[in-house]
Novice: 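My questions will all concern the structure given below.
Note that the structure is predicted; figures quoted are calculated from it, not measured. Index from 1, following the sequence. Only heavy atoms go into these numbers, but all of them, side chains included; no hydrogens, no water, no symmetry mates.
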Amino acid sequence: MTSDTDLDLIFKNAAGKKITLNIEEPKSGLTKAEIDAAMQVVVENNVFATSGGDIVEAVGGRLRTTTLDPIAE
């Protein structure tokens, strides 16, 4: 059995739609302050283009852990 942890950063674009940026294998021990600061950099620097326009708001972040239990190898 193995597990993977991803960091999902959730934003809103100019059209009001939620956009999720998934980061695989983030460093362990991330704090809310570090995540918030990184998200603010993305918004302020207009880092990504979306079909609904610029990213205009940081909504939140979450750590997502998936457990993989192989049945047969």
Novice: Output the distance between atom CD1 (Ile23) and atom OG1 (Thr5), rounded to the nearest 0.5 Å.
Specialist: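 One finds 13.0 Å between CD1 of Ile23 and OG1 of Thr5.
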
Novice: Side chain to side chain contact (heavy atoms under 4.5 Å, CB included) for Glu57 and Phe11? Distances and angles first, verdict last.
Specialist: CA-CA 6 Å; Glu57 179 184 350; Phe11 300 91; over 6 Å; no

Novice: Yes or no on side chain to side chain contact (heavy atoms under 4.5 Å, CB included) for Val43 and Val56, after CA distance, side-chain angles and deciding distance?
Specialist: CA-CA 6 Å; Val43 173; Val56 296; 5.7 Å; no

Novice: Taking atom NZ of Lys18 and atom CD1 of Ile10, what is their separation to the nearest 0.5 Å?
Specialist: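 Rounded to the nearest 0.5 Å, the NZ-CD1 separation comes to 6.5 Å.
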
Novice: Please report the closest heavy-atom contact between Glu24 and Asp6, naming both atoms and the distance.
Specialist: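 Closest approach of Glu24 to Asp6: CA-OD1, 3.5 Å.
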
Novice: For a quick check under 3.5 Å, do Asn13 and Thr50 share a side-chain donor-acceptor pair by atom type?
Specialist: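 Thr50 and Asn13 do have a side-chain donor-acceptor pair below 3.5 Å.
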
Novice: Indicate the atoms forming the closest heavy-atom contact of Asn22 with Asp8, along with that distance.
Specialist: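 Minimum heavy-atom separation between Asn22 and Asp8: ND2-OD1, 2.8 Å.
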
Novice: Atom CD1 of Ile55 and atom CE of Met39: how far apart are they, to the nearest 0.5 Å?
Specialist: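 Nearest 0.5 Å value for the CD1-CE distance: 9.0 Å.
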
Novice: Do Leu68 and Asp4 touch side chain to side chain, with heavy atoms closer than 4.5 Å?
Specialist: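 Yes, close enough: below the 4.5 Å cut-off.
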
Novice: Which residue, Leu21, Ile19, Thr20, forms the side-chain contact (heavy atoms from CB on, under 4.5 Å) with Leu9?
Specialist: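 Of the listed residues Leu21, Ile19, Thr20, the side-chain contact (heavy atoms from CB on, under 4.5 Å) partner of Leu9 is Leu21.
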
Novice: Do Glu34 and Lys27 meet the salt-bridge criterion of a basic N to acidic O distance under 4.0 Å?
Specialist: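 Yes.
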
Novice: Testing the 3.5 Å rule here: is there a donor-acceptor pair between the side chains of Ser3 and Thr65?
Specialist: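 Not at all, the side chains of Ser3 and Thr65 share no donor-acceptor pair under 3.5 Å.
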
Novice: Is it possible for you to say whether Val47 and Leu7 belong to one hydrophobic cluster, with membership spreading through side-chain heavy-atom contacts below 4.5 Å?
Specialist: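 Linked, Val47 and Leu7 end up in one cluster.
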
Novice: With the 4.5 Å side-chain cut-off for hydrophobic clustering, are Ile35 and Val42 part of the same group?
Specialist: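 Yes: a chain of side-chain contacts under 4.5 Å links Ile35 to Val42.
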
